[in-house]
Engineer: 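Sharing a structure with you now.
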Amino acid sequence: MSTTHEEDALEPVELIRQSGAVLRMGKAMLSSGTGSYRVKTAMQQVARAFGLDRHEAHVTLTEITATSHRGAIFRTEVAEVRSIGVNAHRLGELTAVANGLQPGATVDEVNRELDRIEALPPLYPALANALFAAVACGAFAFLNNGGVIEVVGVFIAAGLGQYVRRFFLHRKFNQFGVTMIAAAVACLAYLGFVLALDALAGGAGASHEAGYISAVLFLVPGFALVTGALDLAKLDFSAGVARTVYAMIILISAAIAVWAVSWVTGLSADPAPAADIPHALLVTLRLVASALGVLGFALMFNSPFRMALGAAAIGMVANVLRLELAGLGVAMQAATMIATLVVGLMAAWVAPRLSVPRITVSVPAVVIMVPGAAVYRAVVGLNNGDAEVAVTSGIQAIFVVISIAIGLAVARMLTDRTWAYER
C-alpha cells in the first residue's frame with residue numbers, strides 16, 4: 001500500500017465532514033449579525049445532532065475557531081467571516097434549522113438546508129429598503145421634537161442616504177468609507193430640502209436645521225451595539241469588545257461626516273424645543289411614531305413582515321414608557337433601563353409565539369432607544385470646541401447604552417436559565 005493510501009485510511013473522514021458542517025453553520029449565523037453566544041449555541045446543536053462527544057468554539061466579530069471531539073480524536077478548524085451585516089430573515093431560518101435538528105442528522109441534510117438558506121435573496125428591493133430607512137428616521141425626527149417640516153426633510157434625506165449606502169455595500173466597498181459617504185449624502189439632502197423651502201416659502205426652513213441629525217440615524221449600528229453588550233454580559237470579552245469597537249467606529253465615521261457637513265454649511269446641531277401638544281395627543285403620536293420607527297428598522301434588517309410587526313408592537317410600548325418616565329423626572333438612563341427590561345421580557349413571550357429568534361424582535365425594539373443623536377452632537381461639539389455640549393451629550397450617550405445592555409441582560413437572566421448561571 002502506498003504512503004498516500006495509508007494516510008487516507010488514517011484520516012477521520014466522517015469527523016472532518018461533520019466538523020465542516022458545524023463550522024459552516026457558525027459562519028452563516030455570524031454573518032447574519034447575531035451575537036457570539038447564539039453562534040456557539042447553534043454550533044452545539046448541530047454537533048449534538050451529529051453525535052459528537054464535545055464541541056468547543058471561540059467566536060469573535062469576524063473569526064471562529066472550533067474544535068470537534070469524537071472519542072480520542074478531535075479536529076480544530078479556523079474560519080474568517082469578512083462580511084459584517086444583519087439579515088434577520090436568514091437568521092430566523094438558520095435558527096429554525098438548528099432548533100429542529102434531531103439526533104442522527106446527517107451532514108448532507110444540514111448542508112442542503114444551509115445551501116437553501118444561503119441562496120435566499122433579500123426580501124425587499126433597494127428602493128423598499130431605502131423607504132424603510134426613511135420611515136424609521138422620519139419617526140425618529142418626530143420623537144426628537146421635530147415638526148412636519150423636519151419629518152418630511154428627514155424622510156427624504158434618510159431614504160436617499162440609505163439607498164446610496166446599500167448601493168456601495170452590495171458592491172463590497174469599505175464599510176467605514178460607505179458610512180461617511182451615506183452620512184454626507186443624507187446631511188446634504190436635508191440641507192437641500194431646507195434651502196428649497198427657504199426659496200419657495202420665504203425663509204421658512206431657517207428654523208428647522210437641527211433635523212439633519214435625525215437624517216443619519218439609519219447609520220446607528222444597533223445590532224452590533226446590542227449584541228456586543230450582551231456578549232459582554234456573558235463574559236465573552238473577545239467578541240463583546242470587538243463588536244462594541246466596531247459599532248463605535250461606525251458611529252464615529254458617521255459623526256465625522258456629520259460634523260464636516262455642518263462645519264462647511266453652517267447647519268446647527270442644537271436640539272429642537274418640544275412642541276406644545278396636549279398630552280393625550282402627544283402620547284398617541286409617540287405610540288404611532290415608535291411603532292413606525294421600530295417597524296422601519298426591522299424591515300431594513302430584512303425581517304419578514306410578521307417578525308417586524310412583533311418588534312414594532314414591543315418597541316411601541318417600551319419606548320413610550322421610557323419617554324413618559326423621563327417626562328415624570330426619571331433620569332433618562334434609568335428610564336431606558338426599565339424600558340429595555342420590558343423589551344426583553346416581552347420578547348421572551350412574543351418570540352416563541354411567532355417562532356422567531358428573540359434577538360430579531362428585541363434588537364429592533366431597542367434600536368430606537370440608542371442615543372445616536374447624542375453621539376453625533378457630542379462629536380460635532382468636540383470638533384467645534386464646544387466642550388460643554390461634547391461632554392454632556394457624550395456622557396449621556398454612554399450611560400444610556402450601558403442602561404440598554406443592563407436592561408436586556410437582566411431580562412435574559414430572568415427568562416433564560418443559561419444566562420442566570422455561569423457555565
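In this chain, numbering begins with 1 at the start of the sequence shown.
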Engineer: Mind checking whether Val361 and Val356 have side chains closer than 4.5 Å, heavy atoms only?
Structural biologist: yes

Engineer: Between Asp231 and Ser36, is there a side-chain donor-acceptor contact under 3.5 Å, judged purely by atom types and distance?
Structural biologist: yes

Engineer: Are the charged groups of Arg116 and Glu93 less than 4.0 angstrom apart, N to O?
Structural biologist: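 Between Glu93 and Arg116 there is a salt bridge, with a charged N closer than 4.0 Å to a carboxylate O.
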
Engineer: Decide whether Gln45 and Arg48 meet the rule of one side-chain donor and one side-chain acceptor closer than 3.5 Å.
Structural biologist: no

Engineer: Does any non-hydrogen side-chain atom of Ser362 lie less than 4.5 Å from one of Ile314?
Structural biologist: no

Engineer: Does the side chain of Leu143 reach to within under 4.5 Å of the side chain of Ser290, using non-hydrogen atoms?
Structural biologist: yes

Engineer: Give the intermediate values and the outcome of side chain to side chain donor-acceptor pair (under 3.5 Å) for residues Ser253 and Thr179.
Structural biologist: CA-CA 6 Å; Ser253 297; Thr179 298; 5.7 Å; no

Engineer: Okay, side chain of Glu150, backbone of Gly147: is any donor-acceptor separation there less than 3.5 Å?
Structural biologist: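 Yes; at least one donor-acceptor contact below 3.5 Å.
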
Engineer: Give the C-alpha distance, both sets of side-chain angles, the deciding distance and a yes or no for side chain to side chain donor-acceptor pair (under 3.5 Å) between Ser214 and Asn144.
Structural biologist: CA-CA 8 Å; Ser214 298; Asn144 287 334; 3.1 Å; yes

Engineer: Given Leu225, which of Ile250, Ile404, Leu251 fulfils the side-chain contact (heavy atoms from CB on, under 4.5 Å) condition?
Structural biologist: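 Passing option: Leu251.
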
Engineer: Check whether NZ of the Lys or CZ of the Arg Arg171 lies under 6.0 Å from the centre of the six-membered ring of Phe167 and within 45 degrees of that ring's axis.
Structural biologist: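 Judged by the rule, Arg171 and Phe167 form a cation-pi pair.
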
Engineer: Using atom types as modelled and distance alone, determine if a side-chain donor or acceptor of Ser355 lies under 3.5 Å from a backbone N or O of Ala351.
Structural biologist: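 Side chain of Ser355 to backbone of Ala351, a donor-acceptor pair under 3.5 Å: no, none is there.
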
Engineer: Only one of Arg70, Glu77, His69 passes side chain to side chain donor-acceptor pair (under 3.5 Å) with Ser19; say which it is.
Structural biologist: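 For Ser19, the side chain to side chain donor-acceptor pair (under 3.5 Å) test succeeds with only one of Arg70, Glu77, His69, which is Glu77.
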
Engineer: If you look at every heavy atom in His55 and Ser68, which pair is closest and at what distance?
Structural biologist: CD2-OG, 3.2 Å

Engineer: Would you check if Val97 and Met25 make a side-chain contact, meaning some heavy-atom pair closer than 4.5 Å?
Structural biologist: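 Yes, at least one pair of side-chain atoms sits under 4.5 Å.
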
Engineer: Are Thr95 and Met29 packed together at the side-chain level, in the sense that at least one heavy-atom pair is separated by less than 4.5 angstrom?
Structural biologist: yes

Engineer: For the OH atom on Tyr124, are there more than 12 heavy atoms of other groups (residues, nucleotides or ligands in this structure) within a distance under 6.0 Å?
Structural biologist: yes

Engineer: Is there a donor in the side chain of Asn111 and an acceptor in the side chain of Arg24, or the other way round, less than 3.5 Å apart?
Structural biologist: yes

Engineer: Using the rule given for ring-ring contact (aromatic ring centres under 6.0 Å, His included), can you reason through Phe168 versus Tyr163, listing the C-alpha separation, both sets of side-chain angles and the distance that settles it, and then say yes or no?
Structural biologist: CA-CA 9 Å; Phe168 284 111; Tyr163 186 86; over 10 Å; no

Engineer: Would you say Phe176 has more than 12 foreign heavy atoms packed within less than 6.0 Å of its CZ?
Structural biologist: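 Atom CZ in Phe176 is crowded, with more than 12 foreign heavy atoms closer than 6.0 Å.
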
Engineer: State, to 0.1 Å, how close Ala335 and Leu325 come at their nearest heavy-atom pair, and which atoms those are.
Structural biologist: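 Closest approach of Ala335 to Leu325: CB-CB, 3.8 Å.
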
Engineer: Hey, what do you get for CZ (Phe132) to SG (Cys137), rounding to the nearest 0.5 Å?
Structural biologist: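 Taking CZ in Phe132 and SG in Cys137, the distance rounds to 13.5 Å.
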
Engineer: Do Arg358 and Thr415 meet the criterion of a side-chain donor-acceptor pair at a distance under 3.5 Å?
Structural biologist: yes

Engineer: Would you indicate whether the side-chain heavy atoms of Ile406 and Ile402 approach each other to under 4.5 Å?
Structural biologist: yes

Engineer: Return the CD to NZ distance between Glu63 and Lys27, rounded to the nearest 0.5 Å.
Structural biologist: 12.0 Å

Engineer: Examine Phe155 together with Tyr190 and report whether their ring centres are nearer than 6.0 Å.
Structural biologist: no

Engineer: Would you indicate whether the side-chain heavy atoms of Ile359 and Tyr37 approach each other to under 4.5 Å?
Structural biologist: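 Heavy-atom side-chain distance check passes, below 4.5 Å.
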
Engineer: Check this for me: Lys40, atom NZ, are more than 12 non-hydrogen atoms of other residues, nucleotides or ligands nearer than 6.0 Å?
Structural biologist: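 Yes - once you tally the heavy atoms of other residues, nucleotides and ligands closer than 6.0 Å, there are more than 12.
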
Engineer: For a quick test of reading the model, state the closest non-hydrogen atom pair linking Met346 to Ala313 and the distance between them.
Structural biologist: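 Heavy atoms of Met346 and Ala313 come nearest at CE-O, 4.5 Å.
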
Engineer: Taking Arg54 first and then Glu56, would you say they form a salt bridge - that is, a charged N and a carboxylate O separated by under 4.0 Å?
Structural biologist: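 Answer for the salt bridge query: yes.
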
Engineer: Can you find a side-chain donor-acceptor pair between Ser403 and Thr336 that sits under 3.5 Å?
Structural biologist: no

Engineer: Does Arg322 come within less than 4.0 Å of Glu324, counting only side-chain N to carboxylate O?
Structural biologist: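 Salt bridge: no.
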
Engineer: Please examine the side chains of Leu354 and Met307, heavy atoms only from C-beta on, and report whether any two atoms are closer than 4.5 Å.
Structural biologist: no

